[in-house]
Amino acid sequence: MLTKNQADIWSYFLAFIEERCSAAEFQNWIAPIQVAESATDELVLKVPNIFVQEYLLQNYKKDLAGFVPVKTNGDLALKFIIAEEVKKQPMQEEAPPAAQDNLKLNPHYTFENFIEGASNQFVKSAALGVASHPGKSYNPLFIHGGVGLGKTHLLHGIGHYVRQHHKKLKIHCITTEGFINDIVDNLKNKSMDRMKRFYRSLDILLVDDIQFLQNRLNFEDEFCNTFESLINQNKQIVITCDKPPSQLKLSERLVARMEWGLVAHVGAPDIETRVAILQHKAELRGIRLPHKVAFFIAEHIFNNVRQLEGAINRLSAFSRHMGKEVTEEVVENTLGELLQHNPQKKVSVDNILHCVGTLFEVRISDLRGTSRLKNVAFPRQVAMYLAKELMTDSLMKLASAFGGKTHSTLLHAWKKVSQQLESDETLRRQIEIARRNLEK
Ligand code: ADP
Ligand code: MG
């Protein structure tokens with residue numbers, strides 16, 4: 001049995017901690033914790049989410065032991081409950097009407113206009129999940145992938161959806177540059193408090209291209225504080241980036257925060273998806289694009305959706321001015337350098353095996369085979385990694401080109417090599433060489 005009132009124990013602890021951490025830390029991590037009423041013989045703390053609980057235990061467990069009595073088995077007489085009831089409150093009924101007029105979204109970047117395929121299905125459904133239940137599914141949602149593959153499109157898609165379906169939620173969409181400029185302006189005008197209040201009062205924050213926060217030390221701190229404050233109130237954050245969190249040159253703390261929720265990759269679309277995108281964009285612009293022609297373009301533009309769109313824009317201008325049917329010949333004449341010609345330059349599994357075989361001094365038949373000896377198995381995994389990175393065929397097709405492996409073997413190899421690349425400088429250089437040779 002505890003003798004002291006539970007609330008007293010907590011307020012003594014708060015007073016002790018407040019002097020030992022920064023104001024931002026206190027505000028973001030400690031202040032959201034409440035004492036639950038029902039407690040009798042142990043201190044029951046209500047936390048907004050599991051991260052706050054872990055934070056408290058990781059950083060202050062020893063200090064807590066000075067305040068919270070210890071049970072006979074040596075454990076602290078301390079229990080946590082996650083404030084589910086906070087989560088269950090439909091946010092839209094709670095929040096006051098939000099001023100969303102200045103939400104800058106590209107009107108075309110809606111979910112309806114986003115074409116799905118194997119390379120983006122998962123990330124699209126994650127985005128839709130977050131938009132339907134902000135703060136309740138994955139938080140943060142971190143979307144990464146190469147240039148022109150639809151990251152901004154999905155981010156704005158979330159914005160449009162929220163604006164339509166949760167009218168009262170306060171949402172803000174900003175590029176990382178925009179966020180930095182905001183800080184600079186507000187510092188100049190001595191209105192940082194107002195800015196902080198604004199960001200911390202949001203229900204949903206959409207941040208585009210977080211890679212631009214790298215090497216901007218002073219701004220990183222402010223971003224991290226905003227981030228923590230929102231997350232701990234279960235407010236939704238969505239971030240896009242050209243690389244996964246682990247490859248960002250940002251503080252460990254921020255990287256770890258970004259990995260808390262869901263990290264989703266958007267890849268280059270396969271040929272069927274490229275065709276579907278072309279047809280969709282052509283339809284939007286009112287030009288008739290025969291399937292054969294769409295396929296021809298898709299075969300020659302493969303790693304960037306923005307370029308597919310550029311192709312349609314040119315063709316649309318052409319057919320408006322000339323009033324002609326869009327044929328393969330017209331495509332070749334109008335698109336010219338946009339088309340990645342020279343099919344023999346296209347990477348194939350054979351090229352990859354040849355290149356990796358030379359690089360690691362392994363026979364191609366061994367790479368195709370099943371030997372598990374490390375000096376064969378690892379180069380094989382590197383080859384699989386390269387195939388997934390450089391080719392747009394389906395995993396299944398690639399796997400069978402490796403002598404009848406399964407797609408999960410290929411995926412496993414890709415993951416393993418990706419992970420090793422983070423810490424292995426030699427491997428990074430070897431893969432760089434292989435890439436250069438293959439793409440030449
Ligand atoms: P990123 O932010 O990844 O560089 P964007 O979101 O700006 O790429 O996308 C580039 C262009 O390609 C945009 O015009 C976008 O509408 C279009 N786009 C990308 N992916 C798709 C897709 N799956 N369906 C339809 N359009 C897409
Ligand atoms: Mg973008």
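What you see is a predicted model, and the numbers here were worked out from it, not measured in a lab. In each ligand, atom 1 is the first atom listed, and ligand 1 is the first ligand listed.
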Counting only heavy atoms, which portion of His280 has something under 4.0 Å from ligand 1: side chain, backbone, both, or neither?
neither

Which atoms of ligand 1 sit under 4.0 Å from any heavy atom of Val147?
4 (O)

Is a salt bridge present between Arg253 and Glu228, judged by a nitrogen-to-oxygen distance below 4.0 Å?
yes

Atom 9 (O) of ligand 1: which of Gly145, Gly150, Gly117, Ala268 has the nearest heavy atom?
Gly150

I'd like the name of whichever of Thr152, Asn113, Asn106 reaches closest to atom 25 (C) of ligand 1 through any heavy atom.
Asn113

Test salt bridge (charged side-chain N to carboxylate O under 4.0 Å, His left out) on Glu299 and Arg274 and set out the steps.
CA-CA 9 Å; Glu299 257 185 337; Arg274 298 201 295 281; over 6 Å; no

Tell me whether the rings of His265 and His144 are parallel (<30°), tilted (30 to 60°) or perpendicular (>60°).
tilted

Would you call the rings of Tyr199 and His172 parallel, tilted or perpendicular, where under 30° means parallel and over 60° means perpendicular?
perpendicular

Heavy-atom contacts with Lys151 under 4.0 Å: which atoms of ligand 1 show up? List them by number with element.
1 (P), 2 (O), 3 (O), 4 (O), 6 (O), 8 (O)

Closest candidate by heavy atom, reference atom 23 (N) of ligand 1, pool Leu278, Ile115, Val266
Ile115

If every non-hydrogen atom of Gln211 is compared with every non-hydrogen atom of Thr240, which pair is closest and at what distance?
OE1-O, 4.3 Å

Here the atoms of ligand 1 under 4.0 Å from any heavy atom belonging to Asn120 are 23 (N)

Whether Gly146 lies under 4.0 Å from ligand 1, heavy atom
yes

Hey, is Asp203 close enough to Lys235 for a salt bridge, meaning N to O under 4.0 Å?
yes

